[in-house]
Amino acid sequence: MHKEVYRYLRSKGYKCEINEKDECVYCNCIISKKDITFKIVFPNEFPAKYVEIFIDDDSKKGILIPHIYKGGKLCLYDEDESNPNTIFYKEEVENTIQRAIKLIDDSINLRNLEDFRKEIVTRWEQNAKIKADVIFQPINSPKILYAAGGKTYLVIAETKKKLSDYIKYTKGIDADINIKKVLYIPLDDIELILPPRDINDIVKRMDETKYGKFYYNYVASNTEDPIIIISQIINTERILLGIRQPSIKSSLVKINNKTIKSILIFQKDKEVKRIKFNNFTRKRIFTRGGDGKITENKNIVVVGCGSIGSMLTKAIIDVGISSTISLIDNDILNSENIGRHVCGASEVGLYKTTAMRNEILRHYPDTELVLINKDINDILENDIDILNRNDYIFIVVGNITIEKKIISLLEDGKIIKPTIIMWVEPYLIAGHAIICRKKIDKNTINSILDSSENFKISVLKESWKYLKSESGCQSAYAPYSGFEAQQFINSFIDTFNKNFIEKKIQGNYIYTKIGRIKWARKNKMKIAADWIAKNDRYEKFVRIDNNEDI
């Protein structure tokens, strides 16, 4: 097909030559009085893929060209957003050449300098010699960060704890690490067009910014391979760029704040190494790897880290409500738990809180987790402030006695923060949540408890008959699958987020999510009259402090 394209281009007046051996076409163009040669390469998938156009070193000499890959390949299309015309493929090649001509013409005449700024990250990373995992949300003032690693790989975090936790829980290295300081500087008062090549480039930029003093003070005190992270706002997002300078040495004068600039100028030709970042900050993960929604960062406590509690904690982080969570549980993760738990076999034998921390930090390193391995009864009796210092309290213990005690404390005003009590029925025929956003009144109590102070909220009649127990003195448990648990948790968190976090509605509510109720009917399970005609996955969300349906 390249021969057909060659003949077509010649017929259109392009000066072309064909290379039979490489099956490519060379096209010579005069652009703004410059002699430019394009190499047109036909991918194996052509015409289902666009031709690739390269510019040689002689042609691009002295021209600042954005949208160019290493090796001279021009970036002319976003192939995720457009597809070539496979019928009029010869005309499509001509269109591609015209795009290349316009790019070079704009570059020669300096009409696309702003494009350099927009693609600064791509250019920076093309020749980066170092990779770094970073856990730091950039701010608009200088800050000292912390790093560990070697010559080609680093971990950088805003605190020593986040640094050591990341290395421990994601890399499996539980040992003392050599930590060094890193300087972060926002360069909002200058524009970066091209990546720096040497110390001279860095010094020039630092002299242009109001934060230059921070830079000189830092390198004077951190002469061994100093690491500098800078940020710029590109398309409303603050992006991170990093460099590692060569070690600063001087045998003539002592290195200090007064002499450092002269020493750097003397070593100005030394090459700097650029750093390519894997950004694990919460905002970056949700912006680039999600829909960009981070609702709020609420302080949340989850009491109970079993199956439902573990999935709930993960869902809270997934939806963007919080990355600051306290976990309360004094139970150990056993092998029989992992079939319906966020944590797996590698965490068996650990406290469930510890297992959860390990698992979550492996997935979301930019998370603050507080582990409290205490009995909830002890906390309710002696240290209830552990609950009250949070924005939301989730009770996921599956224990009626504790749940009733929580309701009593809410009624008495001893628990003062919004509280959610959650539990599931056997086979997850239904899952429930009581959401108390204000002090419990008589309507709320009457909706939850009967005259004998037993829970009214149940889909199955005599649900205790469907519990299971193993041999010996082991306690009974409710059978249900991890899949059904995820269905319930995801549906509830979606409802909770939309109503309580986004809309900020007030009042007390009951949420119920039906599971596979058709299966329950088929297997002759006893179902309460209010629910017997409902379909699988039915949801009910009712206000109970004044009996208003939502």
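Because the structure is predicted, anything quoted here is derived from the model rather than measured.
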Checklist line | Asn377 and Lys405: CA distance, side-chain angles, deciding distance, side chain to side chain donor-acceptor pair (under 3.5 Å) verdict | finding: CA-CA 9 Å; Asn377 289 295; Lys405 186 180 289 188; 3.2 Å; yes
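- A donor-acceptor contact under 3.5 angstrom links the side chains of Tyr50 and Ser82, judged on distance only.
- Side-chain contact, Asn279 with Thr281: a donor N or O sits under 3.5 Å from an acceptor N or O.
- Side-chain contact between Ile393 and Ile415: present, with at least one pair of heavy atoms (C-beta onward) separated by less than 4.5 Å.
- Counted by atom type alone, Thr170 and Arg362 present zero donor-acceptor pairs between their side chains at under 3.5 Å.
- Taking the ring axis of Tyr538 as reference, the NZ or CZ atom of Lys534 stays within 45° of it and closer than 6.0 Å to the ring centre.
- For the atom pair CD of Gln137 and OG of Ser231, the computed distance is 10.0 Å after rounding to the nearest 0.5 Å.
- Salt-bridge check for Glu484 with Arg537: passed, with a basic side-chain N closer than 4.0 Å to an acidic carboxylate O.
- Between the side chain of Thr419 and the backbone N or O of Lys417 there is at least one donor-acceptor pair closer than 3.5 Å.
- Stacking of Lys540 on the aromatic ring of Trp531 is recorded, both the 6.0 Å distance cut-off and the 45° axial limit being met.
- Side-chain contact between Leu449 and Lys456: absent, with no pair of heavy atoms (C-beta onward) separated by less than 4.5 Å.
- When all heavy atoms of Cys305 and Met356 are compared, the pair lying nearest together is CB-CG, 4.2 Å.
- Checked by atom type and distance alone, the side chain of Asn508 never pairs as donor or acceptor with a backbone atom of Ile544 at under 3.5 Å.
- No side-chain donor from either of Arg516 and Tyr427 sits under 3.5 Å from a side-chain acceptor of the other.
- Summarising the geometry, atom CG belonging to Leu76 is positioned 9.5 Å from atom NE2 belonging to His67; distances are rounded to the nearest 0.5 Å.
- The ring-ring contact (aromatic ring centres under 6.0 Å, His included) pairs that include a residue from residues 318-341 number zero, where partners must be two or more places apart or lie in different chains.
- In this structure a side-chain-to-backbone donor-acceptor pair under 3.5 Å is present from Arg521 to Ile532.
- With rounding to the nearest 0.5 angstrom, the CD1 atom of Ile332 is 10.5 Å from the CG atom of Asn337.
- Side-chain contact between Leu387 and Leu380 is present, with heavy atoms from C-beta onward closer than 4.5 Å.
- The CG atom of Leu192 sits 7.5 Å away from atom CD1 of Ile239, with the distance rounded to the nearest 0.5 Å.
- Surrounding CD1 of Ile400 are at most 12 heavy atoms belonging to other residues, nucleotides or ligands under 6.0 Å away.
- Between Ile527 and Ala520 the shortest heavy-atom distance is CD1-CB, 4.1 Å.
- No side-chain donor from either of Thr353 and Asp329 sits under 3.5 Å from a side-chain acceptor of the other.
- The shortest heavy-atom contact between Pro43 and Lys49 is CG-CB, 4.0 Å.
- Between Ile229 and Leu241, every side-chain heavy-atom pair lies at or beyond the 4.5 Å cut-off.
- Rounded to the nearest 0.5 Å, atoms CD1 (Ile386) and NZ (Lys374) are 4.5 Å apart.
- Legend: ring-ring contact (aromatic ring centres under 6.0 Å, His included) pairs involving residues 382-426, not counting sequence neighbours, sorted by first then second residue: Tyr392-Phe496, Phe394-Phe496, Trp423-His432, Trp423-Phe455.
- A salt bridge is absent between Arg282 and Glu368: the closest approach of a Lys/Arg side-chain nitrogen to an acidic carboxylate oxygen does not fall below 4.0 angstrom.
- In summary, the aromatic rings of Phe541 and Tyr509 are positioned with their centroids under 6.0 Å apart.
- Side-chain atoms of Ser458 come within 3.5 Å of backbone N or O of Leu460 as a donor-acceptor pair.
- Enclosure of atom NZ in Lys438 by more than 12 non-hydrogen atoms of other residues, nucleotides or ligands within 6.0 angstrom is indicated.
- A salt bridge links Asp165 to Lys161: at least one charged side-chain nitrogen sits closer than 4.0 Å to a carboxylate oxygen.
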Next item on the list: Determine, step by step, whether Val134 and Leu240 satisfy the side-chain contact (heavy atoms from CB on, under 4.5 Å) criterion, reporting the C-alpha distance in whole Å, the side-chain angles of both residues, the deciding distance to 0.1 Å, and the verdict.
Entry: CA-CA 9 Å; Val134 62; Leu240 293 177; 4.2 Å; yes
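- A donor-acceptor distance shorter than 3.5 angstrom exists from the side chain of Asn446 to the backbone of Lys442, with no hydrogens or angles considered.
- Within a 6.0 Å sphere centred on CG of Asp450, other residues, nucleotides and ligands contribute more than 12 heavy atoms.
- The ring-ring contact (aromatic ring centres under 6.0 Å, His included) analysis of residues 349-386, with sequence neighbours excluded, yields no pairs.
- Here ring-ring contact (aromatic ring centres under 6.0 Å, His included) pairs that include residues 124-157, with residues two or more places apart or in two chains, are Phe136-Tyr184.
- With Thr313 contributing its side chain and Gly309 its backbone, the two residues share a donor-acceptor pair below 3.5 Å.
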Item checked: Full working for side-chain contact (heavy atoms from CB on, under 4.5 Å) between Ile300 and Val302 -> CA-CA 7 Å; Ile300 286 175; Val302 177; 4.1 Å; yes
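- Nearest heavy-atom pair, Pro142 versus Pro186, reported as atom, atom and distance to 0.1 Å: N-CD, 3.8 Å.
- Heavy atoms from other residues, nucleotides or ligands lying under 6.0 Å from CG of Asn523 number more than 12.
- The CG atom of Asn334 lies 7.0 Å from the NZ atom of Lys352; values are rounded to the nearest 0.5 Å.
- Judged by distance alone, the side chain of Glu425 and the main-chain N or O of Val459 form a donor-acceptor pair under 3.5 Å.
- Between the side chains of Asn443 and Asp441, no donor-acceptor pair of N or O atoms lies under 3.5 Å.
- No salt bridge links Lys180 with Asp225; every basic N to acidic carboxylate O contact stays at or beyond 4.0 Å.
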Check: side-chain contact (heavy atoms from CB on, under 4.5 Å) between Thr512 and Glu539: does it pass, once the steps are laid out?
Finding: CA-CA 6 Å; Thr512 292; Glu539 292 178 85; over 6 Å; no
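- Here the side chains of Ile177 and Ile167 are in contact, with some heavy-atom distance below 4.5 Å.
- Lys168 is linked by a salt bridge (Lys or Arg N to Asp or Glu O under 4.0 Å) to Asp174, counting only residues two or more places apart in sequence or in another chain.
- Of the N and O atoms on the side chains of Asn278 and Asp133, at least one donor lies less than 3.5 Å from an acceptor on the other residue.
- Of all heavy-atom pairs spanning Ser310 and Ser307, the tightest one is OG-O, 2.9 Å.
- Residues that satisfy the ring-ring contact (aromatic ring centres under 6.0 Å, His included) test with Tyr480, not counting sequence neighbours, are absent from this structure.
- Heavy atoms of other residues, nucleotides or ligands lying less than 6.0 angstrom from NZ of Lys273 number 12 at most.
- Electrostatic pairing of Asp545 and Arg543 counts as a salt bridge here, judged by a charged N lying under 4.0 Å from a carboxylate O.
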Next item on the list: Show your working on side-chain contact (heavy atoms from CB on, under 4.5 Å) between Ile233 and Asp188 and close with a plain yes or no.
Entry: CA-CA 7 Å; Ile233 296 176; Asp188 296 334; 4.0 Å; yes
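- Of all the heavy atoms in Ile275 and Ala132, the pair that sits closest is CG2-CB, 3.6 Å.
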